[in-house]
Number of protein chains: 2
Amino acid sequence: MSAPRRGRRPGAPDTRAAILAAAREGFAASGFSRTSVRSVAATAGVDAALVHHYFGTKDDLFVAALALRVDPREALLPVVEGGLDGAGERLLRVFVSVWDDEETRLPLLALVRGIAEPSGQQLLRDGVMRVVLGPVGEALGLDEAPRRLSLVASQLVGIVVVRYLLAVEPLASMTHDDLVATYAPVLQGYLGGPLPG
Amino acid sequence: MSAPRRGRRPGAPDTRAAILAAAREGFAASGFSRTSVRSVAATAGVDAALVHHYFGTKDDLFVAALALRVDPREALLPVVEGGLDGAGERLLRVFVSVWDDEETRLPLLALVRGIAEPSGQQLLRDGVMRVVLGPVGEALGLDEAPRRLSLVASQLVGIVVVRYLLAVEPLASMTHDDLVATYAPVLQGYLGGPLPG
DNA sequence: GTCTATAAATCGATAGAC
DNA sequence: GTCTATCGATTTATAGAC
């Protein structure tokens, strides 16, 4: 048994928050690849090693900077594990489960609303393509992955805007099952179907 | 009885056009909320009250600003005239011709950037569903028109955001023909294919 | 002019001292 | 909790061969 702790905890000052703020600023301004861990550390006034100490890898830092309640990489595991067959449907199931949960939807909507400004656009691009779809395409071993994934993105982003942001009926009220049944063949075609050209 | 009017008419010189140009410039550069009626008036070199006199509310001004080159009902005629068969492809051809023309794209992008705020959302909803897709569904005599049209909207809006706003590659650089070939079957399915439920 | 080889700089990440 | 030192990989730039 440990004695009840008194006074100031060993915990961090505001260093962690400073790093997070610096990361958000950097990622928003310059995008993921052009924002180095070192530059984040410099902005926060700390050493680069501290960034890793608090947040792990650079990917982890980015996810933390987005302030999401779910770790996309974890949520997308079931999508990837089943292989290409039925990946469209599984992707949609994860998609609606995340977006229909208010706890996760609200931070994501905040991200989407940043679409008006260049920094928000950069964040969205990296968030959607790099953190969410990129790993999926890699794990599925897609051919022409960038092309296919940008098609998938175009449909998913459209659903986000029309269903969750603009709340256009009747799409906004469609059940999970109907939504999955409607879009699964389309996404499956984008992921694995023939491509023109 | 009023005496016959003499001298200079109350009518406008080119003031109306000047206001419209100023509005277009402001909305395209800064979006709806950050473009004040006062700033539009100032750019046009007139009084703010004149803006309201010519165009009514700020929303009206916005709509007028983006209704410049193309009349949606006119542009969509070829889509509607051919009937349901091939309507997806014809809709896409009109879509890309409008969005790949900078003259029409810039004001439309200003509209899209308004999705961050409720007023902009309302304008976008009306713009997409009532002005563009609504008449199409009506003329084609679609069954379950609202449902089908919200599906079509979800894909078109997604293309707008990913290709024209975020400029995600390779979708952003895809040729007209490839884009049409890719999305036409999907839109055709939304318009005329089977629906779950 | 084009391609290859190599040098220099930068980056992500880890281990260990204080 | 914080920093120094450092490894291994990637990228960028330069030089030289053909």
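The shown structure was predicted, so the numbers you read here are calculated from the model rather than taken from an experiment. Each chain gets a letter, A, B and so on, in the order the sequences are listed, and its residues count up from 1.
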J.: Please write out the pairs of protein N or O atoms and N or O atoms of nucleotides 6-11 of chain D separated by less than 3.5 Å, giving the distance to one decimal.
T.:
none

J.: Checking contacts here: which listed nucleotide (C/dA13, D/dT2, C/dC11) is nearest the side-chain heavy atoms of A/Tyr54?
T.: D/dT2

J.: Nearest whole angstrom, please: distance from the C1' of D/dC3 to the CD1 of A/Ile19.
T.: 12 Å

J.: Rounding to a whole Å, what distance do you find between A/Asp14:CG and D/dG1:P?
T.: 13 Å

J.: With sequence neighbours left out, write down each residue that passes salt bridge (charged side-chain N to carboxylate O under 4.0 Å, His left out) with B/Asp101, or none if nothing qualifies.
T.: none

J.: From C-beta outward on A/His52, which listed nucleotide comes closest to its side chain: D/dT4, D/dT2, C/dG12?
T.: C/dG12

J.: Search all heavy atoms of A/Val96 against all heavy atoms of A/His176 and return the closest pair with its distance.
T.: CG2-ND1, 3.9 Å

J.: Measure CZ/A/Phe55 against C1'/C/dG12 and give the value in whole Å, please.
T.: 16 Å

J.: A/Leu106: which residues meet the side-chain contact (heavy atoms from CB on, under 4.5 Å) condition with it, sequence neighbours left out?
T.: A/Glu102

J.: Quick one: A/Asp47 CG to C/dG16 P, roughly how many Å, whole number?
T.: 17 Å

J.: Given side chains that start at C-beta, do those of A/Tyr183 and A/Ile159 come closer than 4.5 Å, heavy atoms only?
T.: yes

J.: Looking at A/His53, does any N or O in its side chain come under 4.0 Å of the phosphate oxygens OP1/OP2 on D/dG1?
T.: yes

J.: Looking only at heavy atoms, which two atoms of A/Ile19 and A/Val40 are closest? And how far apart?
T.: O-CG1, 3.8 Å

J.: Establish, with yes or no, whether the OP1 or OP2 oxygen of D/dT2 is under 4.0 angstrom from a side-chain nitrogen or oxygen of A/Thr15.
T.: yes

J.: Check this for me, if you would: do B/Asp100 and B/Arg163 make a salt bridge, where the nitrogen-to-carboxylate-oxygen distance has to be below 4.0 angstrom?
T.: yes

